[in-house]
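To keep things clear, I will list the structure first and then write my remarks on it.
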Protein chains: 2
Amino acid sequence: MFLGKRLKELREQKEFLQRQLAAKLEIDTPMYSKIERGERNAKREQVQKLSKIFEVEESELLTLWLAGKIYDLIKDESIAKSAIAIVQSHIHEF
Amino acid sequence: MFLGKRLKELREQKEFLQRQLAAKLEIDTPMYSKIERGERNAKREQVQKLSKIFEVEESELLTLWLAGKIYDLIKDESIAKSAIAIVQSHIHEF
DNA sequence: TTTTGACTTGTCTGTATTTGGCTAATTTAA
DNA sequence: TTAAATTAGCCAAATACAGACAAGTCAAAA
């Protein structure tokens with residue numbers, strides 16, 4: 001999973017323990033572990049907190065987080081590519 | 001919304017009433033109305049039923065349905081484009 | 001101008017999914 | 001072999017959502 005992989009990188013780089021991050025997010029360690037492995041989805045506010053803790057751009061982590069949510073939606077769909085193409089053609093309006 | 005717009009087209013083309021389709025899906029008319037206007041999400045099985053009723057390819061409607069779900073996820077996100085780009089680069093593995 | 005029929009709006013509720021906590025098991029490091 | 005860190009599994013609380021129902025709008029017909 002996109003976000004989890006990056007969180008693990010950052011955590012190891014900064015030499016934090018899962019339980020320390022869990023404490024900062026006010027969840028228990030197993031829960032943090034699940035987020036890191038992509039077994040559970042983080043909430044938006046948690047991602048925002050994590051970007052502060054790790055001192056990276058909020059948009060970096062939020063992008064990975066959103067990508068993961070999209071991926072969960074389409075991962076078992078054979079029509080995934082065409083659905084994404086439709087969305088893209090309507091996104092240019094932003 | 002993608003699916004709703006197409007459903008309305010098909011319904012008008014075949015001259016069905018909302019209440020007839022609602023009956024076939026075993027939901028009430030307001031519910032069908034909401035699906036058509038994109039105020040509510042159809043379930044996968046409903047989309048499949050509708051493709052049979054309207055005699056169109058199941059994949060056509062399912063693609064629109066999935067596109068709508070993706071769109072709901074990203075519509076308020078400024079980072080939508082980059083998140084989609086990430087997903088796309090990982091989708092080529094199918 | 002009433003009535004009728006098609007569709008929409010708003011609200012409520014039961015169900016299903018999500019989120020998080022707890023305990024136990026497993027892995028890793030010393 | 002311990003001790004610490006991480007993961008797995010299960011249960012309860014919180015949340016989201018499909019669907020029902022009642023009441024509304026808007027046409028066109030009577």
Inset, instruction - Provide, to the nearest angstrom, the distance between the CG atom belonging to B:Leu7 and the C1' atom belonging to C:dC7. - result: 15 Å
Inset, instruction - Give the nucleotide from the list D:dT6, C:dA6, C:dT23 with an atom nearest to the side chain of A:Leu17. - result: D:dT6
Inset, instruction - Answer with base, sugar-phosphate or nothing: what part of the nucleic acid does B:Glu36 contact at a heavy-atom distance below 4.0 Å? - result: nothing
Inset, instruction - Pick base, sugar-phosphate or nothing for A:Arg40, based on heavy-atom distances below 4.0 Å to the nucleic acid. - result: base
Inset, instruction - Measure from CD1 on A:Ile35 to P on D:dA8 and round the result to the nearest Å. - result: 15 Å
Inset, instruction - To the nearest Å, give me how far apart CZ (A:Arg44) and C1' (C:dT19) are. - result: 18 Å
Legend entry - Validation row: A:Ile53, A:Leu50 side chains within 4.5 angstrom (heavy atoms): yes
Inset, instruction - Report the distance from atom OH of B:Tyr32 to atom P of D:dA18, rounded to the nearest whole Å. - result: 16 Å
Legend entry - Sidechain N-carboxylate O distance under 4.0 Å for B:Glu26, B:Lys49: yes
Inset, instruction - Whole angstrom is fine here: how far is it from CD1 in B:Ile27 over to P in D:dC17? - result: 17 Å
Inset, instruction - With heavy atoms under 4.0 Å as the rule, sort A:Gln20 into base, sugar-phosphate or nothing. - result: nothing
Inset, instruction - Could you check how far CZ of B:Phe16 sits from C1' of C:dA6, rounded to whole Å? - result: 16 Å
Inset, instruction - Would you indicate whether the side-chain heavy atoms of A:Glu60 and A:Phe54 approach each other to under 4.5 Å? - result: no
Legend entry - Any B:Gln46 side-chain heavy atom under 4.5 Å of B:Ile27 side chain: yes
Inset, instruction - Please report, rounded to the nearest Å, how far the C1' atom of C:dT17 is from the NZ atom of B:Lys69. - result: 12 Å
Inset, instruction - Mark yes or no for a side-chain to base donor-acceptor pair under 3.5 Å between A:Lys34 and C:dG20, with no hydrogen or angle criteria applied. - result: no
Inset, instruction - Please determine if a side-chain N or O atom of A:Gln18 lies less than 4.0 Å away from the OP1 or OP2 oxygen of D:dT7. - result: yes
Legend entry - Between P of C:dG21 and CZ of A:Arg19, the distance in whole Å: 17 Å
Inset, instruction - Can you figure out which of D:dA18, C:dT19, D:dA22 approaches the side chain of B:Met31 most closely? - result: D:dA18
Inset, instruction - With the side chain of A:Lys43 defined as its heavy atoms from C-beta on, choose the nearest nucleotide among C:dT19, D:dA20, C:dT9. - result: C:dT19
Inset, instruction - Remember a base hit wins even if backbone is also touched, and classify A:Arg37 as base, sugar-phosphate or nothing at under 4.0 Å, heavy atoms. - result: sugar-phosphate
Inset, instruction - Determine: side-chain N/O of A:Arg11 to OP1/OP2 of D:dA5, distance under 4.0 Å, yes or no. - result: no
Inset, instruction - Treating Ile, Leu, Val, Met, Phe, Trp and Tyr as nodes and any side-chain heavy-atom pair under 4.5 angstrom as an edge, say whether B:Phe16 and B:Val56 lie in one connected cluster. - result: yes
Inset, instruction - Could you pick out which residue, B:Ser33 or A:Asn41, lies toward the 5' side of DNA chain C when each is mapped onto its nearest nucleotide? - result: B:Ser33
